[in-house]
Engineer: 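Here's a structure for you.
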Amino acid sequence: MNEEIRERLVRCFTAVFDQIDENQVPLLHADTCELWDSLANVMLMSVIQQEFSIDISLEETKSLNSFKKLMEKVTFDGSDY
Amino acid sequence: MAESLLEALKNIQENSSVAEEEILHCALFCGYTPLYLKTFFHSSLHKRLFPKRKIELHEGIYGDLLGSLMKLLEEKINLEFAAVLMEWEDFDPRLGLRSNEGWSIHTHEDILATLRSKTAFFADCLERLTEKTKVILSLPHSPFLPLHSGVQKKLSTWEWSLKHEIYELPKALLSLKNFNLLNDEYCGNHASFYLRYCPQSHLAYGFPYSLDFASFLAQTLAEIAFPSPTLKGIIVDLDETLWKGILGENGIEGVSWDLESNSHIHGVFQAFLQSLAESGILIAVASKNNQSLVEELFSQRGTLLQRESIYPLLASWGRKSDSIRKILDTWNIGAADVAFVDDSPLEIEEVCTMFPEIRSFIFPSGKTDQILVLIHKLRNLFGKERISNEDAIRLQSLKQRAKITEISSLDEKSYDQFLRMNQSKIFLHARPDDDNGRALELINKTNQFNMNGKRCTENEWKNLCNRENGFVISASYEDKFGPLGKIAVMAGFSEGRDATLTHWVMSCRAFGRRIEHCMLKYVFEKFNVERVRLQYLTTPRNSLFLETVKGIGAIHAGSEIEITHSRFAELCPKLYHTVKENQ
């Protein structure tokens, strides 16, 4: 089940960061990825909220700054699971 | 159905690999960050284009819509269209939620004065923009803030004055050909002001709309930018659809469509169908009924849908799908261009099984509100911005076509004799870019005799008409049965002894009159070429095209097909038309 969630999350990332190879996505961190700017962050959070039917508050968006943290968030909050 | 953000992003990525020379320049101008709206809009535009093209979406500067529009007027981009989305703060920042200038009632007069001067500038700017490109204007979708001293339920003079100024802005522009105003009522059917607006997003990111409304708005704007061809015909049932009651059981006087019998909504549906008929939409009836009884009703009772507007009217006890097939054959159009309305889910299912492409609708008999919703839906499928001469004569020419089809089933010699006596005239026009859009309409609507199914935007069409070494020829036709109007268009270019056709379409009403032969003959002779190459592509519905051109000598040559002059001369049947050329 985690693998399926992971694949869906990777799909969200590659939709927003289309220049990043999907194998690199699990290593992504906002601090080290130039493409992960504030606009991309808004898009990414919105895509993930819609895809997993979850709410991410404005405060949370600041701390959810890596694939790893977002994986934890959607695994915990994802309404389908 | 609304598209998700993920789907929209993926759709844009999939379309980004199209060759560079196919770029279409479009503009999305607003005073805020377009954020998801841009993504949804980009994706919606891609979905409406065939063949695929790369889209470059130009944006304005954040917070300065008027300045961005003025800059756009000076740029030399060949824009397909400019979508301009206004919000309250574009007229005065103090009207927006992001303003921190306070809500003092002493500023009201100044806000009104600023707004008045801004609307005048906007109106001037938009008018100049329509001289360059198609403009789509969207007025504010966010709710008006309670800046006034009164209560919301009662409109104050000040608020009314502000709104009046804004709604007056497009008034003088609406008569301009290139100007389009997004209908707020249509948006209201989808979402109220409060569901359109997202204050959290507006404050946090400067984007004022909810995700759902952004998707809807983008799709709607894209539909206005690149409209779908309208459906061509509608087939309706009679009992419990065109009227209330069962004719076979209740008799001629027992069915109704009036206020007294509480069945007026059926009369409204009839009136709607009659208005469609007057705009050139084909109307047919497929009903399980007794034909002579139905004819008697139409001759005795004053129906709002006139009997002459219905062609054909098929009432029988056979399968409904058999009637639909006969109607489609008579009209000579595909099921995908037709809507079918019946009150019986069973009949709908039977017809849809046989014709999966038909657009079917259950007539919700007895449910007035739902019938009105259905009428709105149908109006959107058949809506036309202008009624052409061809629309006015379509039904008449179709009835003539039935006679010709009957004759064409005769042997070759008799048919040839018929054509000789037909007094047919073909008028070839070499400048179809000034024909009120009819030639482009043909390119974008024709399916069966269509060389490759390629559709054009207005800009692409203008470029095609003005291409170096290029030609665009349209054909109008008339014979002793009457005029058919403009029924065929071909476009291409010539190089040395070769001509290449990039587009070639002909209306299904014009089949069987050897018009295509005349057009090809004209190209061979006019441009003095030895060979005509056709940029043919197979589409789900153009097998007739290939069959026709093969009959006059077309052979496959690599990815294209071609016809040589000598082979055409050998196979072309005798042509009896008088051809007149208009430059």
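As the structure is a computational prediction, the values presented were derived from the model and not from experiment. Any value given below was found using the heavy atoms of this structure, including those in side chains, with hydrogens, waters and symmetry copies removed.
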Engineer: Please test F207(B) against V42(A) for side chain to side chain contact (heavy atoms under 4.5 Å, CB included), starting from the C-alpha separation and ending with a verdict.
Structural biologist: CA-CA 11 Å; F207(B) 181 71; V42(A) 176; over 6 Å; no
Engineer: Does R11(A), at its CZ atom, have more than 12 non-hydrogen atoms belonging to other residues, nucleotides or ligands within less than 6.0 Å?
Structural biologist: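 Not more than 12 within 6.0 Å, no.
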Engineer: Let me know if T39(B) has heavy atoms under 4.5 Å from chain A in its side chain, its backbone, both or neither.
Structural biologist: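 The side chain, not the backbone.
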Engineer: Answer yes or no: does atom NZ of K377(B) have more than 12 heavy-atom neighbours from other residues, nucleotides or ligands under 6.0 Å?
Structural biologist: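 Count not over threshold, so no.
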Engineer: Report, as yes or no, whether the 6.0 Å neighbourhood of atom CE on M70(B) holds more than 12 heavy atoms from other residues, nucleotides or ligands.
Structural biologist: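 Atom CE in M70(B) is not packed in, count stays at 12 or less.
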Engineer: If you draw a 6.0 Å radius around NZ in K69(A), do more than 12 non-hydrogen atoms from other residues or ligands fall strictly inside?
Structural biologist: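 Yes, because the 6.0 Å sphere around NZ of K69(A) holds more than 12 heavy atoms from other groups.
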Engineer: Y205(B) versus L58(A): any side-chain heavy-atom pair under 4.5 Å?
Structural biologist: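 With C-beta onward as the side chain, the pair touches.
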Engineer: Are there over 12 heavy-atom neighbours, none belonging to D21(A), within less than 6.0 Å of that residue's CG?
Structural biologist: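 Yes.
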Engineer: Is there a donor-acceptor pair under 3.5 Å between the side chain of Q13(B) and the backbone N or O of A15(A)?
Structural biologist: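 Such a contact is found between Q13(B) side chain and A15(A) backbone.
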Engineer: So for atom CD, which belongs to E22(A), do other residues, nucleotides or ligands contribute more than 12 heavy atoms lying within a distance under 6.0 Å?
Structural biologist: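 At most 12 heavy atoms, drawn from other residues, nucleotides or ligands, come within 6.0 Å of this atom.
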Engineer: Got a second to check how far D18(A)'s CG is from E14(B)'s CD, nearest 0.5 Å?
Structural biologist: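 If I round to the nearest 0.5 Å, the distance is 12.0 Å.
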Engineer: Should we say atom CD of Q370(B) is surrounded by more than 12 heavy atoms from elsewhere, each under 6.0 Å from it?
Structural biologist: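 Buried by this count: over 12 neighbours within 6.0 Å.
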Engineer: Do you know which of L211(B), L6(B), T33(B) has the most heavy-atom pairs under 4.5 Å to chain A?
Structural biologist: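 Answer, by heavy-atom pair count under 4.5 Å with chain A: L6(B).
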Engineer: So how far is it from S57(A) OG to Q200(B) CD, rounded to the nearest 0.5 Å?
Structural biologist: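 One finds 11.5 Å between OG of S57(A) and CD of Q200(B).
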Engineer: For the atom pair OG (S46(A)) and CG (L35(B)), what is the distance rounded to the nearest 0.5 Å?
Structural biologist: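 Between S46(A) OG and L35(B) CG, I get 6.5 Å after rounding to 0.5 Å.
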Engineer: Please classify the contact between S38(A) and chain B as side chain, backbone, both or neither, with a heavy-atom cut-off of under 4.5 Å.
Structural biologist: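 Looking at S38(A), nothing touches chain B.
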Engineer: Mind checking whether L5(B) and Q49(A) have side chains closer than 4.5 Å, heavy atoms only?
Structural biologist: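 Not touching, per the 4.5 Å side-chain cut-off.
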